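This report concerns only the one structure given below.
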Amino acid sequence: MSFARKEYEFLSEIGLSSRNLGCYVDGTWKANGPVVTSVNPANNQAIAEVVEGSVEDYEEGMRACSEAAKIWMQVPSPKRGEIVRQIGDALRTKLQELGRLVSLEMGKILPEGIGEVQEIIDMCDFCVGLSRQLNGSVIPSERPNHAMLEMWNPLGIVGVITAFNFPCAVLGWNACIALVCGNCVVWKGAPTTPLITIAMTRLVAGVLEKNNLPPAIFTSFCGGADIGQAIAKDTRISLVSFTGSSKVGLMLQQTVNQRFGKCLLELSGNNAIIIMDDADIQLAVHSVLFAAVGTAGQRCTTCRRLLLHESIYQRVLDQLLDVYKQVKIGNPLEKGNLLGPLHTSESRKSFERGIEIIKSQGGKILIGGSVIESEGNFVQPTIVEISPNADVVKEELFAPVLYVMKFQTLQEAIEINNSVPQGLSSSIFTRKPEIIFKWIGPLGSDCGIVNVNIPTNGAEIGGAFGGEKATGGGREAGSDSWKQYMRRSTCTINYGNELPLAQGINFG
């Protein structure tokens, strides 16, 4: 076990040890499931052991959570906002340590790890203001002496199932809003990032304890598919937020729908950047590099398809190949490295299988295309010249593989962008207003995120994040995403002495 190594000493500062219990249930750390090992993807060495939760642990946690929900939903929302503000402050004190843990356990470079934790802090700040703005509408009534209005009330309990690539930020998007909306949160973190789940939970639990609030307002589990299935089937959980693949998301949605629950899905992306003939080439090339190589291609918003106008095709490609050659690959905790490892050894194998499929479908490897022989899960950032009609282009390969293709007209580029099952993020580089407004209009991109002169990744929390089609249709973070975490009641109040009916109906 590597826990005793000097570079891991910081883990004890965020409540971690060489062996950890993986469930936080009604204020107690416990677990009765199998023991798993957290692994550093940069060298595949064990970091620490975690005892996962069992279905019995889950049931105990849900009983306590159901009781806590009755209390929490009655706390005024600005007071709930104050608790979220304190969570943000607690995160600030451990920003560096938590960010370092994200890089260590997930594999993204340290600036991205710290940035992920900062995103939760920003989300806390956002939700403090939101806690005073959960406004309903007053609606004109057609009947005299009647008032009509909307009331927004908590759902009760929100389940959050997160993925390894953003092991804590996505929790922040969901939990911060769910808490200010008056819901308790039940979190199942990714099975391969259990230490992040435990460290984040300890921080939130400390804030609840300091304020003498029921600890079951926030419940968390390290565990596998059995815990996820329990959440999906549990009628006590009104909303299940799931981040992961389209395949698993569809199965979860069907399970939740069978009990008439609500789903918030953030699923696969297959994102394209279009570069028009009038684009700022230098800006576009640097944007593509960040979007395609960042997080080793393991973001749902990673750029996977690059569409180049035929008149600038070779110029852009030459510049892109040049910057790819300069990408520093290595330990994500070391300063200057831009590309860390894939998250697991299985991810590395999937990359190898994907390259073989690409070649079998006519793809030409322009750079990269191989694994890097090392202790860790490192692969080369790869650019592939391929037809947009190849079947493999329609799928999401969760690795730094970029498909390049050319087009002649804007209409052709839009059709290629929209031709895949997924619909998360998209970008175009151009200076022409007529192209910009067609791109963001009804006959433009069919994605949930539609950018101009910026890459496909790097979304801000102030806007609603999410996508269409096989991406699931969910929206998280900003705008009016909070409405998904509450139930709306339309209330009509008769303050008169007569009973006029709507639509002029008269029963005599």
Side-chain angles (χ1 to χ4, degrees), residues 10-17 19-32 48 50-53 57-99 101 117 120-121 123-125 127-128 131 154 156-160 162 167-168 171-172 174-189 194-223 236-237 485:
F10 76 96
L11 295 174
S12 61
E13 299 175 27
I14 45 180
L16 299 171
S17 62
R19 187 179 176 90
N20 305 272
L21 298 176
C23 299
Y24 184 67
V25 173
D26 197 20
T28 302
W29 286 96
K30 58 172 57 181
N32 295 289
V50 174
V51 185
E52 291 188 327
D57 296 321
Y58 173 81
E59 282 300 323
E60 182 180 346
M62 283 305 301
R63 285 193 293 271
C65 192
S66 298
E67 292 302 312
K70 299 172 186 176
I71 298 171
W72 182 239
M73 65 173 57
Q74 296 184 73
V75 174
S77 58
K79 299 292 185 183
R80 301 192 296 251
E82 166 59 18
I83 300 304
V84 172
R85 185 195 67 77
Q86 292 181 33
I87 292 172
D89 283 349
L91 283 163
R92 284 181 175 90
T93 67
K94 298 297 182 183
L95 172 60
Q96 297 297 321
E97 293 87 350
L98 288 169
L101 173 58
V117 180
I120 312 174
I121 295 170
M123 199 70 211
C124 289
D125 290 347
C127 288
V128 174
S131 69
I157 303 174
V158 170
V160 183
T162 55
C168 59
L171 169 75
N174 285 276
C176 293
I177 295 181
L179 289 171
V180 298
C181 287
N183 302 298
C184 290
V185 173
V186 175
W187 178 29
K188 188 188 100 63
L195 298 182
I196 296 168
T197 302
I198 294 168
M200 280 293 302
T201 300
R202 286 190 177 280
L203 186 143
V204 175
V207 173
L208 294 175
E209 182 180 357
K210 184 175 70 174
N211 287 273
N212 297 313
L213 288 165
I217 289 171
F218 191 90
T219 302
S220 74
F221 301 96
C222 297
R236 293 167 293 190
I237 297 179
Y485 301 83

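Just so you know, residue 1 is the first one in the sequence shown, and it goes up from there. Keep in mind that what you see is a predicted model, and the values were worked out from it rather than measured.
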**Report entry** Spatial distance of atom CD1 (I71) from atom CG (L213) [nearest 0.5 Å]
**Finding:** 9.0 Å
Requested in this report: Evaluate the side-chain proximity of V204 to V185: yes if any heavy-atom separation is below 4.5 Å, no if none is.
Outcome: no
Report task. Output the distance between atom NZ (K188) and atom SG (C222), rounded to the nearest 0.5 Å. Result -> 8.5 Å
Report task. State, yes or no, whether a side-chain contact exists between L91 and V117 at a heavy-atom distance under 4.5 Å. Result -> yes
Query raised in the report: What pair of heavy atoms forms the shortest contact from S17 to A48, and how long is it?
Result: O-CB, 3.5 Å
Query - All pairs passing side-chain hydrogen bond (donor to acceptor under 3.5 Å, both in side chains) where residues 70-80 contributes a residue, at least two apart - result: E67-K70
Query raised in the report: Who are the ring pair (Phe, Tyr, Trp, His ring centres under 6.0 Å) partners of F218, not counting sequence neighbours?
Result: none
Report summary line: Contacts of E60 meeting side chain to side chain contact (heavy atoms under 4.5 Å, CB included) (sequence neighbours excluded), chain-then-number -> V25, K30, R63
Query raised in the report: Roughly how far, to the nearest 0.5 Å, is the OG atom of S220 from the CH2 atom of W29?
Result: 4.5 Å
Query - Contact check, side chains of M62 and T219, non-hydrogen atoms, under 4.5 Å - result: no
Report summary line: For V84 and C127, the nearest pair of non-hydrogen atoms, with its separation, is CG1-CB, 4.2 Å
**Report entry** Contact check, side chains of L179 and I83, non-hydrogen atoms, under 4.5 Å
**Finding:** no
Query - Separation between OG1 of T201 and CD1 of I196, rounded to the nearest 0.5 Å - result: 11.5 Å
**Report entry** C168 vs L98 side-chain heavy atoms within contact, under 4.5 Å
**Finding:** no
Query - Between T197 and W187, a side-chain donor and acceptor under 3.5 Å - result: no
Report task. Would you check if the side chain of K94 reaches a backbone N or O of M200 as a donor-acceptor pair within less than 3.5 Å? Result -> no
Report task. Identify the heavy atoms of N174 and Y485 that sit nearest to each other, and give their distance. Result -> OD1-OH, 2.7 Å
Query raised in the report: So, for I157 and N183, which heavy atoms are closest and what is the spacing to 0.1 Å?
Result: N-OD1, 4.3 Å
Query - Sub-4.5 Å side-chain heavy-atom contact between N20 and P194 - result: no
Query raised in the report: Heavy-atom count around E59 CD within 6.0 Å, excluding the residue itself: above 12?
Result: yes
Report task. Look at the side chain of D57 and the backbone N and O of N32, then say whether any donor-acceptor pair between them is shorter than 3.5 Å. Result -> yes
Requested in this report: To the nearest 0.5 angstrom, please state how far the CD1 atom of I121 sits from the CD1 atom of I87.
Outcome: 12.0 Å
Report summary line: For R202 and G15 the tightest heavy-atom approach is NE-O, 3.0 Å
Query raised in the report: What heavy-atom pair brings I198 and G22 nearest, and what distance separates the two atoms?
Result: CD1-CA, 4.2 Å
Requested in this report: Working to the nearest 0.5 Å, report the span between CD1 of I120 and CG of D125.
Outcome: 12.0 Å
